[in-house]
Structure formats: C-alpha cells, structure tokens
Amino acid sequence: MAAKKIAKNIKFEEALTELEEQVRLLESGDLPLEEALEVYKYGIELSKLCVGKLNTVKQEVEKLVVENEEEYTTEPFKDLEA
C-alpha cells in the first residue's frame with residue numbers, strides 16, 4: 001500500500017474527520033500488519049497537521065478586554081501567556 005498524501009489545502013475539520021477514520025480502521029483490528037503501519041503513519045501526519053492548525057489559530061485568538069460598559073480593546077492571545 002502506497003502512503004497517502006495529505007492535501008495541502010485540507011481544512012482542519014476534514015483532517016480531523018480523516019484522522020478519526022484512520023483510528024477506526026486501526027481499532028477494528030482487521031488490517032494486515034503492513035497496512036496497519038501505513039494507516040498509523042498517515043494518522044500521525046494528520047495529527048501533526050491538526051495540532052499545527054490549532055496552534056496557528058491559538059496565536060490568532062484575541063482576548064476581549066472590557067474597559068467600561070461601552071469600550072473594549074483586544075489583546076493577542078500569545079501576549080497573555082506568561
């Protein structure tokens with residue numbers, strides 16, 4: 001079995017769904033050893049991609065800071081980690 005390639009423009013939700021499918025395949029116990037290894041490797045790559053996308057989004061999240069009832073500012077999430 002040739003190793004699957006992950007699409008460069010795959011969305012997080014698609015990658016997560018694909019990862020869940022790979023886990024189901026592995027948990028079924030029906031795969032031959034070599035195929036199970038390929039599915040596992042593909043799952044690892046999907047997992048890395050998902051974590052990378054989550055970390056990217058985490059950097060973009062902004063915290064809403066209420067200064068009074070009518071005004072607020074935002075602070076980048078990464079600046080709040082200390």
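Along the sequence shown, residues carry numbers from 1.
- With Ser47 contributing its side chain and Gly43 its backbone, the two residues share no donor-acceptor pair below 3.5 Å.
- Leu49 pairs in a side chain to side chain contact (heavy atoms under 4.5 Å, CB included) with only one of the listed residues (Leu19, Ile10, Leu54), which is Ile10.
- Between Glu18 and Tyr42 there is a side-chain heavy-atom pair separated by less than 4.5 Å.
- No path of Ile, Leu, Val, Met, Phe, Trp and Tyr side chains, each step under 4.5 Å between heavy atoms, connects Leu26 with Leu37, placing them in separate hydrophobic clusters.
- Separation of atoms CD (Glu13) and OG1 (Thr17) is listed at 8.0 Å; rounding is to 0.5 Å.
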Applying side chain to side chain contact (heavy atoms under 4.5 Å, CB included) to Gln22 and Lys41, what does each step give before you reach the verdict? CA-CA 10 Å; Gln22 301 312 300; Lys41 288 178 184 178; over 6 Å; no
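- Using a distance-only test at 3.5 Å, with no hydrogens or angles considered, a donor-acceptor pair links the side chain of Glu14 to the main chain of Lys11.
- With contacts defined as side-chain heavy-atom distances shorter than 4.5 Å, the pair Val57/Phe12 does not qualify.
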Please lay out, stage by stage, how Glu45 and Lys48 fare under the test salt bridge (Lys or Arg N to Asp or Glu O under 4.0 Å). CA-CA 5 Å; Glu45 292 305 313; Lys48 288 178 184 177; 3.7 Å; yes
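- In this structure, Glu27 does not pair ionically with Arg24, as no charged nitrogen and carboxylate oxygen lie closer than 4.0 Å.
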